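All heavy atoms count here, side chains included; hydrogens, waters and symmetry mates do not. Because the structure is a prediction, the values reported are computed rather than measured.
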Amino acid sequence: FPVTIREYGKLVSIRGKVVDAEPKLDTDISEPLRLHQKHGVELAINSVDSYGGFLLTDGTGAGKTMQELALAVHYARKGETVMVVVPNKGIMNQAFRGDAKTLGVENMLVEFSAGDMLQKGKVNMITYHMLNKLKNKPDYIIFDEAHYLKNKTSARAKKGTELAKGAKGVVFATATAADKAEHTIS
C-alpha cells in the first residue's frame, strides 16, 4: 500500500494520487497527538473522504485509540452519527475514556445501551455483542480490534459487514496484523 507523507500538512500521496494535504483536524484535537498520530489521522480522513475507508494497523502501544477518537470526534463535530465498536466495556471505560480526557472530549462520548438510538454529533461507543441491538445506522464506523470481524460466518462479522456497507466511511483498527504476521484480515 504505497503511501507518502513528506511533512505534516505538506504532501500526502495515496496510491499515487496526491490528496488534500491541508490539515483537516481541529487544532484542539491535534495538539495532544504525537506527530505520527497526526499523520495517521490526517491520512485516515483523506482516505475515508476519498475512498470510504481506512485500515489503521499501527503496532501495539503506538496510540491507535487516540487516533480512533480524534477521527471519531472529527466526524461527530460535523454533525454525523459516529460509532466506535470495541470488544468490551473494560476497553471502552479504561482506554477510550482516558484518551478522551487527554483530548478534552470526554463529554462527546456516549455509551450505547440496548434500546438507545445512536446520537448525531457524539461518539457513540458500543461493544461488538451489542451491534444487533442498533435501531439506527451510523454514518461513520470505527471498528477497534477489527480482527474480531475475521470470521466471516460469525453473527458479529455479518452485522459489521451490513453496517459497513451502508456507512459513508469505515475504519478498521487492529495491531494484530502488524504484531503477528500469521494473522490476516480478509
Side-chain angles (χ1 to χ4, degrees), residues 29 37 40-41 44-45 48 52-180 183-186:
I29 297 300
Q37 292 171 319
V41 175
I45 291 169
V48 167
F54 188 73
L55 181 61
L56 177 62
T57 59
D58 286 350
T60 303
K64 283 182 304 303
T65 303
M66 191 81 86
Q67 293 176 75
E68 291 172 56
L69 274 174
L71 188 59
V73 168
H74 170 77
Y75 289 108
R77 284 185 173 172
K78 293 177 177 278
E80 302 286 1
T81 304
V82 180
M83 179 175 76
V84 178
V85 187
V86 297
N88 58 59
K89 285 188 176 194
I91 290 172
M92 185 186 307
N93 291 324
Q94 293 175 357
F96 278 89
R97 292 211 182 273
D99 283 353
K101 188 172 183 174
T102 300
L103 289 174
V105 296
E106 59 268 34
N107 62 329
M108 290 191 73
L109 266 58
V110 176
E111 186 176 328
F112 178 86
S113 297
D116 288 350
M117 295 286 285
L118 296 174
Q119 297 180 36
K120 284 189 172 292
K122 296 285 186 180
V123 177
N124 297 275
M125 304 292 299
I126 184 171
T127 58
Y128 279 100
H129 80 273
M130 293 292 285
L131 285 176
N132 62 348
K133 307 281 187 206
L134 288 174
K135 292 188 175 192
N136 58 331
K137 295 188 178 191
D139 298 315
Y140 292 88
I141 307 170
I142 299 171
F143 290 103
D144 181 56
E145 305 295 346
H147 53 274
Y148 274 64
L149 299 171
K150 185 176 178 178
N151 180 354
K152 294 177 188 177
T153 61
S154 71
R156 87 174 117 207
K158 288 178 181 177
K159 185 64 175 181
T161 300
E162 173 194 325
L163 291 168
K165 285 181 179 178
K168 293 178 185 176
V170 181
V171 174
F172 297 95
T174 182
T176 299
D179 291 345
K180 299 178 182 172
H183 287 93
T184 58
I185 297 175
S186 50

Enquirer: Going from NZ on K133 to CG on D116, what distance comes out if it is rounded to the nearest 0.5 angstrom?
Expert: 12.5 Å

Enquirer: Salt bridge (Lys or Arg N to Asp or Glu O under 4.0 Å) with K78: which residues, sequence neighbours excluded?
Expert: none

Enquirer: Minimum heavy-atom separation for A72 and V84, please, with both atom names.
Expert: CB-CG2, 4.0 Å

Enquirer: Minimum heavy-atom separation for A164 to I141, with atom names?
Expert: N-CD1, 3.8 Å

Enquirer: Nearest heavy-atom pair of A175 and K64: which atoms, and what distance?
Expert: CB-NZ, 3.4 Å

Enquirer: Using the test side-chain hydrogen bond (donor to acceptor under 3.5 Å, both in side chains), find all partners of R77 that sit at least two apart in sequence or belong to another chain.
Expert: D26, D28

Enquirer: Taking all heavy atoms of T127 and all of P87, pick out the closest pair and write down the distance.
Expert: CB-O, 4.2 Å

Enquirer: How far does CD1 of I142 sit from CG of L71, to the nearest 0.5 angstrom?
Expert: 4.5 Å

Enquirer: Just distance, no hydrogens or angles: give the donor-acceptor pairs under 3.5 Å from side chains in residues 98-112, sequence neighbours left out.
Expert:
residue : atom : partner : partner atom : Å
D99     : OD2  : M66     : N            : 3.4
T102    : OG1  : G98     : O            : 3.2
E111    : OE2  : K89     : NZ           : 3.0

Enquirer: Which residues pass the side chain to side chain contact (heavy atoms under 4.5 Å, CB included) test with S154, sequence neighbours left out?
Expert: N151, R156, A157

Enquirer: Does the side-chain contact (heavy atoms from CB on, under 4.5 Å) test come out yes or no for H74 and I29, once each step is laid out?
Expert: CA-CA 8 Å; H74 170 77; I29 297 300; over 6 Å; no

Enquirer: For T65, which residues count as a side-chain hydrogen bond (donor to acceptor under 3.5 Å, both in side chains) partner, sequence neighbours excluded?
Expert: none

Enquirer: For K122, check salt bridge (Lys or Arg N to Asp or Glu O under 4.0 Å) against everything at least two apart and list the hits.
Expert: none

Enquirer: Minimum heavy-atom separation for L118 and M83, please, with both atom names.
Expert: CD1-SD, 4.1 Å

Enquirer: Run the side chain to side chain contact (heavy atoms under 4.5 Å, CB included) test against N132 and tell me which residues pass, sequence neighbours left out.
Expert: none

Enquirer: Mind checking what makes side-chain hydrogen bond (donor to acceptor under 3.5 Å, both in side chains) contact with E68, not counting sequence neighbours?
Expert: none

Enquirer: Can you run down the side chain to side chain donor-acceptor pair (under 3.5 Å) pairs that involve residues 159-171, sequence neighbours left out, and say none if there aren't any?
Expert: E80-K168, K159-E162

Enquirer: Could you tell me which residues satisfy ring-ring contact (aromatic ring centres under 6.0 Å, His included) with Y75, sequence neighbours excluded, listed by chain and number?
Expert: Y140

Enquirer: Could you tell me which residues satisfy salt bridge (Lys or Arg N to Asp or Glu O under 4.0 Å) with K158, sequence neighbours excluded, listed by chain and number?
Expert: none

Enquirer: Please examine the side chains of L149 and Y128, heavy atoms only from C-beta on, and report whether any two atoms are closer than 4.5 Å.
Expert: yes

Enquirer: Looking at residues at least two apart in the chain, or sitting in another chain, which of them share a salt bridge (Lys or Arg N to Asp or Glu O under 4.0 Å) with E145?
Expert: none

Enquirer: So, D144 side chain and V85 main chain: donor-acceptor pair closer than 3.5 Å or not?
Expert: no

